[in-house]
Amino acid sequence: HTSALSLQKYYPPDFDPAKIPKLKLPKDRQYVVRLMAPFNMRCKTCGEYIYKGKKFNARKETVQNEVYLGLPIFRFYIKCTRCLAEITFKTDPENTDYTMEHGATRNFQAEKLLEEEEKRMQREREEEELNNPMKVLENRTKDSKLEMEVLENLQELKELNQRQANVDFEAMLKQYKEYEEEQKRREQE
């Protein structure tokens, strides 16, 4: 008994999967993918701003002769939303980021610069501590001092808030009592 929707396929007895001709695909084959702009950029042709997160239909290809630790690098082609000029950018696995290739300029990234600055400071500090055991102690003392200051400031703020809350509460009670007395006086009159 076979159902109308048969899922079995017939394989002839002399079937050999190795004889199926392989599809020869070009190395630099392009695919159409849907993606979001990975950063803010500005078109060089018309000056249009393209914001991070804007969705595009892009052509994607593997960049030939470029790998990073065995990872392929991809190139994406998008079109400017205003003048349809072509903009290309590539993946940058080394910095877990993307690099602008051509057609647009990448807008200023304060966040990235800050991160790099922090990393540099951390590296410098680690190098300093490696050669100087006293520096380790100094830095630890500085850190705990900073932490104590932050905690103290927090405590002060909490107390201030508490004081204000208490004052307001007292004032409200007083106002309510006065209002009640005023009501009683009116009733008696």
Side-chain angles (χ1 to χ4, degrees), residues 27-166:
K27 274 267 192 282
D28 51 4
R29 180 167 177 230
Q30 292 188 341
Y31 299 87
V32 173
V33 291
R34 183 95 171 142
L35 59 77
M36 285 172 160
F39 44 72
N40 296 329
M41 52 186 128
R42 189 176 183 193
C43 175
K44 280 182 181 171
T45 315
C46 67
E48 174 80 356
Y49 284 103
I50 296 165
Y51 293 101
K52 180 179 178 173
K54 174 102 183 88
K55 289 181 181 163
F56 289 95
N57 290 326
R59 297 197 328 278
K60 167 190 164 186
E61 68 180 19
T62 309
V63 180
Q64 296 303 305
N65 320 320
E66 264 189 64
V67 281
Y68 172 73
L69 301 180
L71 293 170
I73 288 170
F74 300 110
R75 177 182 288 117
F76 299 96
Y77 299 85
I78 62 173
K79 284 190 167 32
C80 169
T81 46
R82 192 158 91 194
C83 67
L84 298 179
E86 198 166 63
I87 295 167
T88 69
F89 52 89
K90 295 192 297 193
T91 53
D92 179 11
E94 188 173 354
N95 304 310
T96 59
D97 198 8
Y98 291 83
T99 49
M100 195 69 240
E101 226 178 359
H102 86 267
T105 53
R106 186 165 181 172
N107 286 6
F108 179 69
Q109 326 139 257
E111 247 175 77
K112 196 171 180 201
L113 289 174
L114 262 173
E115 264 177 40
E116 280 170 6
E117 181 64 22
E118 263 178 31
K119 275 185 196 162
R120 196 183 54 79
M121 299 263 283
Q122 187 66 29
R123 264 201 308 272
E124 276 177 14
R125 180 177 163 163
E126 280 166 9
E127 280 168 19
E128 224 178 12
E129 285 180 357
L130 264 175
N131 309 325
N132 187 348
M134 277 309 286
K135 206 73 189 159
V136 178
L137 216 60
E138 263 175 50
N139 285 340
R140 273 197 203 142
T141 315
K142 252 187 220 164
D143 287 350
S144 47
K145 237 184 198 168
L146 244 167
E147 212 172 305
M148 290 297 286
E149 273 173 30
V150 166
L151 283 173
E152 276 169 22
N153 289 345
L154 265 174
Q155 196 57 43
E156 266 176 46
L157 279 173
K158 270 187 191 167
E159 282 168 15
L160 244 168
N161 281 346
Q162 200 68 45
R163 233 176 287 149
Q164 272 176 322
N166 286 345

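Computed over heavy atoms, backbone and side chain alike; hydrogens, waters and symmetry mates excluded. As the structure is a computational prediction, the values presented were derived from the model and not from experiment.
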Determine, for [X] against [Y], whether the closest basic-nitrogen to carboxylate-oxygen distance falls under 4.0 angstrom.
X: E117; Y: R120; answer: yes
X: E126; Y: R123; answer: no
X: R125; Y: D143; answer: yes

What I'd like to find out is whether the side chain of [X] reaches to under 4.5 Å of the side chain of [Y], using heavy atoms alone.
X: K79; Y: I87; result: no
X: E128; Y: E124; result: no
X: I73; Y: P93; result: yes
X: V63; Y: K90; result: yes
X: I50; Y: R42; result: no
X: E115; Y: E118; result: no
X: N95; Y: D92; result: yes

Minimum heavy-atom distance [X]-[Y], with the two atoms named:
X: F56; Y: A37; value: CE1-CB, 4.0 Å
X: R59; Y: Q30; value: NE-OE1, 2.7 Å
X: M36; Y: G53; value: CG-O, 3.6 Å
X: P72; Y: T91; value: O-OG1, 4.4 Å
X: A104; Y: K44; value: O-CE, 3.7 Å

Would you call the rings of F74 and F76 parallel, tilted or perpendicular if under 30° counts as parallel and over 60° as perpendicular?
tilted

Value rounded to 0.5 Å, distance of [atom1] in [X] from [atom2] in [Y]:
X: E152; Y: L157; atom1: CD; atom2: CG; result: 12.0 Å
X: K54; Y: I78; atom1: NZ; atom2: CD1; result: 9.5 Å
X: L151; Y: S144; atom1: CG; atom2: OG; result: 11.0 Å
X: T105; Y: N107; atom1: OG1; atom2: CG; result: 6.0 Å
X: E138; Y: K135; atom1: CD; atom2: NZ; result: 4.5 Å
X: T45; Y: R82; atom1: OG1; atom2: CZ; result: 10.5 Å

For atom OH of Y98, is the number of surrounding heavy atoms from other residues, nucleotides or ligands below 6.0 Å larger than 12?
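It does not: Y98 OH has 12 such atoms or fewer within range.
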
Run through E101, K60, E61, E86 and flag the one making a side-chain hydrogen bond (donor to acceptor under 3.5 Å, both in side chains) with Y77.
E61

N/O donor-acceptor pair under 3.5 Å between N40 side chain and K52 backbone:
yes

In a check of side chain to side chain contact (heavy atoms under 4.5 Å, CB included) between F89 and each of R106, M41, R75, which one passes?
M41

